[in-house]
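Bear in mind that the values here come from a model prediction, so they are computed numbers and not experimental data.
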Number of protein chains: 2
Amino acid sequence: MSAGAPYIARRPKRADGARNYDAILAAARKAFESDGAEASLEEIAAQAGVAIGTLYRHFPNRASLVEAATRDGLGDLVELARRLSDAPDPLEALIEWMRHAVRHFSTFRGLVGILAQSMYDEGTPSHEMCNAMHESGAALLRAAQRAGRVRADLTPEEMFDLLTGVAWVRENAPADRDRTDRLLRLILEGLTTRTPHPA
Amino acid sequence: MSAGAPYIARRPKRADGARNYDAILAAARKAFESDGAEASLEEIAAQAGVAIGTLYRHFPNRASLVEAATRDGLGDLVELARRLSDAPDPLEALIEWMRHAVRHFSTFRGLVGILAQSMYDEGTPSHEMCNAMHESGAALLRAAQRAGRVRADLTPEEMFDLLTGVAWVRENAPADRDRTDRLLRLILEGLTTRTPHPA
DNA sequence: ACCTGAACACCGTTCAAGT
DNA sequence: ACCTGAACACCGTTCAAGT
């Protein structure tokens, strides 16, 4: 289905190349934040002070640029899950992670759609990182379920459907993003068990 | 903020105009369904057998075309709410309506984003219809709450946030849309009260 | 290896000319 | 009143020429 391995951008070794690479990434993050994932590539190049061809040399397609711009955030989620894995309260740990996940997924308009696709499509640059993130979240879910704090029949896929849904609402409600917390809480109250009981 | 009243397309009286209007709408619905709300307008015009100028004459902007293509579906939701308003079980009525709402919101990719904006922004062609739809759904929610079947602190806005979130997931999961039903059920179990009690 | 920017392609949008 | 399609603008993408 997908034509070969997806292109993953790599920071060049040569000084001028590395400098441009960084400048493009910084400009891209800014542009994505204000204009969404469909931000003008020409504007990004101009903002970074390079010609459009240089942008394409480092990032041959939009997906590779988005991937590079959000790679660290995804990695942070994996790292956060690792730190939370030995927390005393597995439900609190899961909720804490979910909050961070929703926040990262809605870093800018259009990101959550890209991530949702990446989670299941191998032909996408961020597929590997998404898999790792998915697995790290699933582990926290399983721990909370083992402790009898979350309904046992909730699958990781369903959890991510809920998380991406909330993230999308957040993406599209920049006015008062606080209500997203309330939304997550509403959903969680339905997912958690009333009285703790082992599986 | 918004520049005057938003343009609402109206079906022309003259025979050739009316015929083209209908042809464009039919082509647009098809194109939206397969390519999403960003479908090529030139392709739609070609498919309808008219020149691009004719499309623009009837629908001066994309928003007016989307509005016209989805107007009936929104109206159906209002009508459905009216019919369900005297159902014996107000919770079942609400759930039935929610299912239809999610399905309409995810008629094609990109629609739910447009609707979410229209719900709160007056400068949008479908604002009026969205308001009516919003109010009709809110009435069903209030009835279920009066009967003590839904938690009393859930606002209509929160309900629509949840509905649009689920609709977005459905939009982006064309592979197995059935899981959306499960998603809605998961959320509902959290929103409904365990034992009925009057407000 | 990397950079530049002109050239090409595509598509949205407008408008003068026509019926 | 309505239709046509050429013309313009904008932007994504490629590539030959340069360092």
Side-chain angles (χ1 to χ4, degrees), chain A residues 3-4 6-28 30-32 34-69 108-110 113-114 125, chain B residues 3-4 6-28 30-32 34-69 108-110 113-114 125:
Chain A
Y7 185 88
I8 307 283
R10 290 166 60 46
R11 192 164 183 274
K13 293 263 163 57
R14 230 174 75 171
D16 56 347
R19 205 168 32 222
N20 284 340
Y21 181 93
D22 292 340
I24 292 168
L25 262 190
K30 253 193 190 165
F32 289 154
S34 60
D35 302 342
E38 302 294 308
S40 159
L41 297 181
E42 285 190 334
E43 226 171 85
I44 290 172
Q47 211 63 36
V50 302
I52 184 63
T54 302
L55 186 149
Y56 274 92
R57 158 163 263 268
H58 292 296
F59 309 98
N61 46 58
R62 186 182 291 273
S64 67
L65 183 55
V66 171
E67 190 276 334
F108 50 79
R109 256 174 315 121
I114 293 167
Chain B
Y7 185 88
I8 307 281
R10 290 166 58 49
R11 192 166 183 275
K13 293 264 161 56
R14 228 174 75 172
D16 56 346
R19 205 168 32 223
N20 285 341
Y21 182 94
D22 293 340
I24 292 167
L25 262 189
K30 253 193 191 168
F32 289 155
S34 60
D35 302 343
E38 301 296 307
S40 160
L41 297 181
E42 285 190 334
E43 225 172 85
I44 290 173
Q47 210 64 35
V50 303
I52 183 65
T54 303
L55 185 148
Y56 275 92
R57 160 165 260 271
H58 292 296
F59 309 97
N61 45 57
R62 186 182 291 273
S64 66
L65 182 55
V66 171
E67 190 277 333
F108 51 78
R109 255 173 317 121
I114 293 168

- For DNA chain D, what are the stems built from at least three Watson-Crick or G-U pairs in a row, each pair having both distances below 3.5 Å? C:4-8 with D:12-16, C:12-16 with D:4-8
- Ignoring backbone atoms, establish whether B/His58 has a side-chain N or O less than 4.0 Å from OP1 or OP2 of D/dC2.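 Checking D/dC2 against B/His58, no side-chain N or O comes under 4.0 Å of OP1 or OP2.
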- Task: Would you indicate, yes or no, if C/dC2 has its OP1 or OP2 atom less than 4.0 angstrom from a side-chain nitrogen or oxygen of A/Arg57?
- Result: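 Checking C/dC2 against A/Arg57, a side-chain N or O does come within under 4.0 Å of OP1 or OP2.
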- Message: One character per nucleotide, please: for nucleotides 6-19 of chain D, 5' to 3', B when the base has a protein heavy atom closer than 4.0 Å, S when only the sugar-phosphate does, - otherwise.
- Response: B----SBBBB----
What are the two closest non-hydrogen atoms of [X] and [Y], and how far apart are they?
| X | Y | answer |
| --- | --- | --- |
| B/Tyr7 | B/Pro125 | O-CB, 3.7 Å |
| A/Ala39 | A/Ile44 | CB-CD1, 4.5 Å |
| B/Leu55 | B/Ile24 | CA-CD1, 3.8 Å |
| A/Pro12 | A/Ala18 | O-CB, 3.5 Å |

- Message: If I take atom CZ in residue A/Arg10 and atom P in nucleotide C/dA1, what distance separates them, rounded to the nearest angstrom?
- Response: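 A/Arg10 atom CZ is separated from C/dA1 atom P by 13 Å.
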- Task: Under 4.0 Å from any atom of DNA chain D, heavy atoms only: list the residues of residues 15-23 of chain B that qualify, in numerical order.
- Result: B/Asp16, B/Gly17, B/Asn20
- Task: For A/Asp35 and A/Glu43, run side chain to side chain contact (heavy atoms under 4.5 Å, CB included): C-alpha distance rounded to whole Å, both residues' side-chain angles, the deciding distance at 0.1 Å, then the answer.
- Result: CA-CA 11 Å; A/Asp35 302 342; A/Glu43 226 171 85; 4.0 Å; yes
- Roughly how far, to the nearest 0.5 Å, is the CZ atom of A/Phe32 from the CZ atom of A/Arg109? 12.0 Å
- Got a second to check how far B/Lys30's NZ is from B/Phe108's CZ, nearest 0.5 Å? 15.5 Å
- Give every residue pair that meets the salt bridge (charged side-chain N to carboxylate O under 4.0 Å, His left out) criterion with at least one member in residues 15-24 of chain A, sequence neighbours excluded.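 Listed by first then second residue: A/Arg11-A/Asp22, A/Arg14-A/Asp16.
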- Set of side chain to side chain donor-acceptor pair (under 3.5 Å) partners for A/Arg62, sequence neighbours left out: none
- Applying ring-ring contact (aromatic ring centres under 6.0 Å, His included) to A/Tyr21 and not counting sequence neighbours gives A/His58, A/Phe59
